[in-house]
Protein chains: 2
Amino acid sequence: MSETTDRTTAKRRSATIIDVAKAANVAVGTVSRYLNGQTIRRSNREQIETAIHDLGYRRNAAAASIRTDLTHMIGFLVPTFDEFHARMLEHLARSVRQTGRALITYCHGGDPRIVAEALDFFAAQRVDALVMDGTAEVYHRVDDLITHDVPIIFYNNDVKGLAADRVMVENQKASYRVVKHLIDLGHQRIGMLTGNPANSSAVERLLGYEQALTEHGLPIEPVLTVRGNWVYEGGYQATKRLMQLETPPTAIFAANYNMAMGALGWFKESGLRVPNDISLVSFDDVDIFRLFDAGITAVAQPVARIADTITDILVERLADPSGSHNRTTVLECDIILRGSTRRLT
Amino acid sequence: MSETTDRTTAKRRSATIIDVAKAANVAVGTVSRYLNGQTIRRSNREQIETAIHDLGYRRNAAAASIRTDLTHMIGFLVPTFDEFHARMLEHLARSVRQTGRALITYCHGGDPRIVAEALDFFAAQRVDALVMDGTAEVYHRVDDLITHDVPIIFYNNDVKGLAADRVMVENQKASYRVVKHLIDLGHQRIGMLTGNPANSSAVERLLGYEQALTEHGLPIEPVLTVRGNWVYEGGYQATKRLMQLETPPTAIFAANYNMAMGALGWFKESGLRVPNDISLVSFDDVDIFRLFDAGITAVAQPVARIADTITDILVERLADPSGSHNRTTVLECDIILRGSTRRLT
DNA sequence: TTGTAAGCGTTATCAG
DNA sequence: CTGATAACGCTTACAA
């Protein structure tokens, strides 16, 4: 086993391309060309290779990027690493890696100062592009990045009016369908746990809910849509409020996974059973939804396809920085029917 | 609203420190000192500030790092972004951010080639340090990084014999305790779903299980420990195997969250109820465990403290690169008792 | 194909 | 406190 090599030398400068050139008896240019995969005389190549090996040489990406203006790093900015974003990250990291790039991740937790900080950081790091879940407050700072020719790709939530690409899902249509499903089962009084209305996806999902009601001749009752702000606790409280209404709903649509969990939490504490006492549908399908008593019916976002689409756009954008591609891709969602809804007699 | 500024100019070179110096009528050195928070004559400072603003100047971190040998980036290498690692990422990103650094994330999915690729990438990027879930195959490549004076911090799984810091949890002790709990309830035949034995945490958790049995005079039966390799499907299959034994266990200990879910999946399909028909305990506590019928009793890893500890070590290491701190920190786990176990009569 | 040398945007040293 | 200037490690004409 390789001994833990001598670490007495205070701070050994690591080998540079010059050292390699010297050791291999060639010019630095030749080494650089070798490193960049250009054709090199065979004998030289071999000498360079052994030199690199012997010296333990590692290319300094920063030094390269300062000349090429390319860092091969993509900024990835999200509010949290909940189920949805974690899966996005996993898929995106994979697909982006296959193009020889990596992700710098920043998590802002909803704090606008951290968002600003992140954007500054990305700007300083000269990320080749930025993928982010849109947040309204960042309009100017993102526009700033765009001015500096950094391609931006929004997903999940949009920020209107910026010259960026977008990969979204059919929030309204999917919500419409899943609420319609409840209506088809005979539900007339359907509550909704909504996300933060500052987010486009929250608005669209609410719109889908309202559209379904309206198209089926049901009234839109303000008391039936309660803001849960995407989080467990919000879903829990909103559900409590709904169920303590004089006439509580017979079904609830949660606009995301966390709030659906919050609803389940309240149901459990209150001894309500799904779907016997209350029906529940949710946006965001996750594996564990299968494991609940009857399984939770949910809208499945095509996470892998979102990630792949983002990567495709990324590649195209980076290959041709001049072209102003402001494309919006909208992907369809599936609805996974499980047993969390029951037919009203 | 700031107009989407003129993007006709093909590829506008962004302003440099030199441009700022010129515009502010000072020397580049002065601007550099300003940027790095050193004291500057007031009048100069103001001129610099307006110049920076007018030019939309952004410091080029790569150019700086080539001189300072500091990138303020921490590599973060994980096998997957499952519940546990996603939470780690969230906490670590936060605490690391507070020290002015950010994370470059790489997800290897168990593929040794990707691990190697990641390590090369980190080396080229000159990350200031590397945080990783240890994987045995990487011994040499990590040693290589250590040779280049990159501090390494292992968490979750250890790789023995390397000069690195480590932040682990008391896997064996926690497993011992949770299995002992089962034994105290009268269980004599306890199955275990084990992780990949190449991982130190898998070995330690198994050891804890065996210790509990032995200390209570119970035999260690090889058929009762089935390898589930950390994943849902593995847990599902392993559970199936256990429950189809001639004398199936009355309780099961899953070495992680995913395998516990797999067990629950099989139970559900087979119509078994927890805890009436079978008791279940798990490593890794997650919020949703509360929501299952009776709640799932589980070992809670102190994720936030792991992240904070890692960051503390990071800061210390980076402040004093000469000191060879090879510290191993072992954190305690809590056991969250819920209703997934029943007393055997 | 190769060597030479001029950048790239910073920081750091050293006189003033 | 400031200015001038030499690094830093790499890429990329340009000429050979």
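Numbered from 1 within each chain, the chains take letters A, B, ... in sequence-line order.
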Peer 1: How close or far is atom P of dT2(D) from atom CG of N25(B), stated in whole angstroms?
Peer 2: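 It is 13 Å, rounded to the nearest whole Å.
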Peer 1: Within this structure, what is the CD-to-C1' distance between Q125(B) and dG9(D), rounded to whole angstrom?
Peer 2: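 Taking CD of Q125(B) and C1' of dG9(D), I get 14 Å after rounding.
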Peer 1: What's the CG-P distance between L35(B) and dG9(C), to the nearest Å?
Peer 2: 14 Å
Peer 1: In whole Å, what is the span from the CD1 atom of I48(A) to the C1' atom of dG3(C)?
Peer 2: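 Roughly 12 Å, once rounded to whole Å.
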Peer 1: T39(B) has a side chain; which of dT11(C), dC10(D), dC1(D) sits nearest to it?
Peer 2: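 Of the candidates, dC1(D) comes closest.
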Peer 1: Could you tell me how far apart I18(A) (CD1) and dA7(D) (C1') are, to the nearest whole angstrom?
Peer 2: 11 Å
Peer 1: Provide, to the nearest angstrom, the distance between the CG atom belonging to D69(B) and the C1' atom belonging to dT10(C).
Peer 2: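 Taking atom C1' of dT10(C) as the reference, CG of D69(B) is at 13 Å.
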Peer 1: Using a strict 4.0 Å threshold on nitrogen-to-oxygen distance, state whether E46(B) and R42(B) make a salt bridge.
Peer 2: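 Answer for the salt bridge query: yes.
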Peer 1: Does a side-chain N or O of N44(A) approach OP1 or OP2 of dT1(C) to a distance below 4.0 Å, or not?
Peer 2: no
Peer 1: Can you tell me how far P of dA12(C) sits from CZ of R67(B), to the nearest Å?
Peer 2: 7 Å
Peer 1: With the side chain counted from C-beta on, respond yes when N157(B) and T135(B) share a heavy-atom pair under 4.5 Å apart, and no when they do not.
Peer 2: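 No. Closest side-chain heavy atoms not under 4.5 Å.
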Peer 1: Assign each of R126(B) and I40(B) to its nearest nucleotide of DNA chain D by heavy atoms, then name whichever residue's nucleotide is nearer the 5' end.
Peer 2: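 Comparing both residues, the 5'-ward one is I40(B).
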Peer 1: Any side-chain donor paired with an acceptor under 3.5 Å for R41(B) and S43(B)?
Peer 2: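 There is no such pair (donor and acceptor under 3.5 Å, judged by atom type) between the side chains of R41(B) and S43(B).
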Peer 1: Look at the side chain of R59(A) and decide which nucleotide, out of dT11(C), dG9(D), dT11(D), has an atom nearest to it.
Peer 2: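 In terms of side-chain proximity for R59(A), the closest of dT11(C), dG9(D), dT11(D) is dT11(D).
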Peer 1: Once you apply a heavy-atom cut-off of 4.0 Å, does V28(B) come out as touching a base, just sugar-phosphate, or nothing?
Peer 2: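 Counting heavy atoms under 4.0 Å across all strands, the contact made by V28(B) includes a base.
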Peer 1: Quick one: is S32(A) getting a side-chain N or O under 4.0 Å of the dC10(D) phosphate, OP1 or OP2?
Peer 2: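 So the side chain of S32(A) is outside the cut-off, no N or O lying under 4.0 Å from OP1 or OP2 of dC10(D).
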Peer 1: For dT11(D), take OP1 and OP2 only and decide whether either is under 4.0 Å from a side-chain N or O of T68(A).
Peer 2: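 Negative; the distance criterion is not met.
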Peer 1: Check step by step if ring-ring contact (aromatic ring centres under 6.0 Å, His included) holds for F121(A) and Y106(A).
Peer 2: CA-CA 9 Å; F121(A) 189 84; Y106(A) 225 102; 5.8 Å; yes
Peer 1: From the set dG9(D), dT11(C), dC1(D), return the single nucleotide nearest to any side-chain atom of I66(B).
Peer 2: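 Shortest atom-to-atom distance from the side chain points to dG9(D).
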Peer 1: Does dT10(C) have its OP1 or OP2 closer than 4.0 Å to a side-chain nitrogen or oxygen of Y57(B)?
Peer 2: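 Checking dT10(C) against Y57(B), a side-chain N or O does come within under 4.0 Å of OP1 or OP2.
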Peer 1: Checking contacts here: which listed nucleotide (dT1(C), dG9(C), dT11(D)) is nearest the side-chain heavy atoms of N60(B)?
Peer 2: dG9(C)
Peer 1: Between the base of dG3(D) and the side chain of R33(B), is one N or O donor paired with an acceptor at under 3.5 angstrom?
Peer 2: yes
Peer 1: How many Å lie between NZ on K22(A) and P on dC10(D), as a whole number?
Peer 2: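 Atom-to-atom, K22(A) to dC10(D), this comes out as 13 Å.
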Peer 1: To the nearest 0.5 Å, what is the distance between CD1 on I66(B) and CG on N60(A)?
Peer 2: 6.0 Å
